[in-house]
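Here's the structure we're looking at; comments come further down.
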Amino acid sequence: ATRVRQRIEAVIDAGAARGLRHDANPARWKGHLDKLLAAIPKSQRTAHHAALPWNDLPEFMRELRQRDSISARALEFAILTACRTGEVLGARWGEIDLDNALWTMPGGRMKAKREHRVALSGPAVALLKALPRIEGEALVFPGAKAGKPLSSMAMLELLRGMRPGLTVHGFRSTFRDWVADATRFSPEVAEMAL
């Protein structure tokens, strides 16, 4: 609702700047709606995840590839696919088609509850091919306990040691910024990839 109000305010302000409107902006929060509506408590406001600027990603990836751990490979895979931590940690070999460079996640594991297909880049396929395959283990990134995935804190702890203050989820924002700044792909394509 806040974003919709902000966009309406921006559209009306643009009309006023072009001389199409002369009244006060009915969607303005400060000095208008803030007097009529309750403010959103700070505890309910959206907090953005700290993200690495996309120009710094090549250097970060070089550092990450120097680390020899399953959590480093999981973080690298998360970055290469722009997927969420839970999606990466829950990845199963049966979902991955290396021959066609495709990862198909079932809807039950997705936030949107719909099947999601991720085209795997060459580096993502190479990473997967280099991973050890444990007999009888379906998980791509297994944890210390048999049949259990890597801990959700493993990638975060690795990242804290490399770049304090960043979050794993922030790399999705890094991806989104890269698409907007350095490619000609539409915002809709970027959102579908995410």
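By convention here, the first residue in the shown sequence is residue 1.
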Study note, to complete from the structure: Closest heavy-atom pair, L33 versus A27, reported as atoms and distance to 0.1 Å, is CD1-O, 3.6 Å
Check your understanding: Looking only at heavy atoms, what is the nearest atom pair of A190 and V179, with distance?
Key -> CB-CG1, 3.6 Å
Return a table of donor-acceptor pairs under 3.5 angstrom between the side chains of residues 54-61 and protein atoms on other chains or two or more places apart.
from : atom 1 : to   : atom 2 : distance (Å)
W54  : NE1    : D181 : OD2    : 3.1

**Study point:** Contacts of type salt bridge (Lys or Arg N to Asp or Glu O under 4.0 Å), residue E95, not counting sequence neighbours
**Key:** R109
Practice item. With sequence neighbours left out, write down each residue that passes side-chain hydrogen bond (donor to acceptor under 3.5 Å, both in side chains) with E188, or none if nothing qualifies. Key: S186
Practice item. List in chain and number order the residues that pass side-chain hydrogen bond (donor to acceptor under 3.5 Å, both in side chains) with R5, two or more places apart in sequence or in another chain; answer none if no residue qualifies. Key: E9
Exercise for review: Under the salt bridge (Lys or Arg N to Asp or Glu O under 4.0 Å) rule, collect the residues that match up with R84, sequence neighbours excluded.
Suggested key: E87
Check your understanding: Hey, mind stepping through E63 and R163 against side chain to side chain contact (heavy atoms under 4.5 Å, CB included) and telling me if it holds?
Key -> CA-CA 11 Å; E63 287 178 40; R163 297 286 196 290; 2.9 Å; yes
Practice item. Check whether any side-chain N or O of D97 sits under 3.5 Å from a backbone N or O of D99 as a donor-acceptor pair, and report yes or no. Key: yes
Check your understanding: Shortest non-hydrogen contact from V140 to P142?
Key -> O-CD, 3.2 Å
Study note, to complete from the structure: Contacts of E191 meeting side-chain hydrogen bond (donor to acceptor under 3.5 Å, both in side chains) (sequence neighbours excluded), chain-then-number -> R176
Check your understanding: With L120, which of L128, L127, L102 fulfils side-chain contact (heavy atoms from CB on, under 4.5 Å)?
Key -> L128
Exercise for review: Considering non-hydrogen atoms only, spot the tightest contact between V88 and A74 and give its length.
Suggested key: CG1-O, 3.6 Å
**Study point:** Flag if over 12 foreign heavy atoms under 6.0 Å of CZ, R65
**Key:** yes
**Study point:** Non-neighbouring partners of Q6 that pass side-chain hydrogen bond (donor to acceptor under 3.5 Å, both in side chains), sequence neighbours left out
**Key:** none
Practice item. Any side-chain hydrogen bond (donor to acceptor under 3.5 Å, both in side chains) involving residues 16-26? Give me the pairs, sequence neighbours left out, ordered by first then second residue. Key: D13-N25
Check your understanding: Can you name the side chain to side chain contact (heavy atoms under 4.5 Å, CB included) partners of K129, sequence neighbours left out?
Key -> L98, V125
Exercise for review: Kindly determine whether L139 and L150 satisfy side chain to side chain contact (heavy atoms under 4.5 Å, CB included), including the steps that lead there.
Suggested key: CA-CA 9 Å; L139 292 164; L150 190 65; over 6 Å; no
Practice item. For residues 78-129, pull every pair meeting ring-ring contact (aromatic ring centres under 6.0 Å, His included), keeping only residues two or more places apart or in separate chains. Key: F77-W103
Point to revise | Hphob cluster co-occupancy, W178 + L52, side-chain heavy atoms under 4.5 angstrom | key: no
Point to revise | Euclidean distance, L159 CG relative to L75 CG, rounded to 0.5 Å | key: 6.0 Å
Exercise for review: Using a 4.5 Å cut-off on heavy atoms from C-beta on, say whether the side chain of P53 contacts that of D177.
Suggested key: no
Check your understanding: Which value, rounded to the nearest 0.5 Å, describes the distance between D68 atom CG and Q66 atom CD?
Key -> 10.0 Å
Review point. Does the side chain of E76 reach to within under 4.5 Å of the side chain of R67, using non-hydrogen atoms?
Key: no
Review point. Taking all non-hydrogen atoms of both residues, which atom of T174 and which atom of A51 are closest, and how far apart?
Key: OG1-CB, 3.7 Å
Practice item. State plainly whether one hydrophobic cluster holds both M105 and L80, where clusters connect Ile, Leu, Val, Met, Phe, Trp and Tyr through side-chain heavy atoms under 4.5 angstrom apart. Key: yes
**Study point:** Side-chain donor or acceptor of S173 paired with backbone N/O of H169 under 3.5 Å
**Key:** no
Review point. Taking only residues two or more places apart in sequence, or in another chain, which ones meet A82 in a side chain to side chain contact (heavy atoms under 4.5 Å, CB included)?
Key: F175, L194
**Study point:** Gap separating the CG atom of L89 from the CE atom of M153, nearest 0.5 angstrom
**Key:** 11.5 Å
Point to revise | Expected output: side-chain S71 to main-chain L158 donor-acceptor under 3.5 Å | key: no
Revision key, fill the gap. side-chain hydrogen bond (donor to acceptor under 3.5 Å, both in side chains) pairs touching residues 151-160, sequence neighbours excluded, are E157-R160
Revision key, fill the gap. Taken to the nearest 0.5 Å, the spacing of T104 OG1 from E115 CD works out to 5.5 Å
Point to revise | Rounded distance (nearest 0.5 Å) linking atom CE of M155 with atom CD1 of I79 | key: 9.0 Å
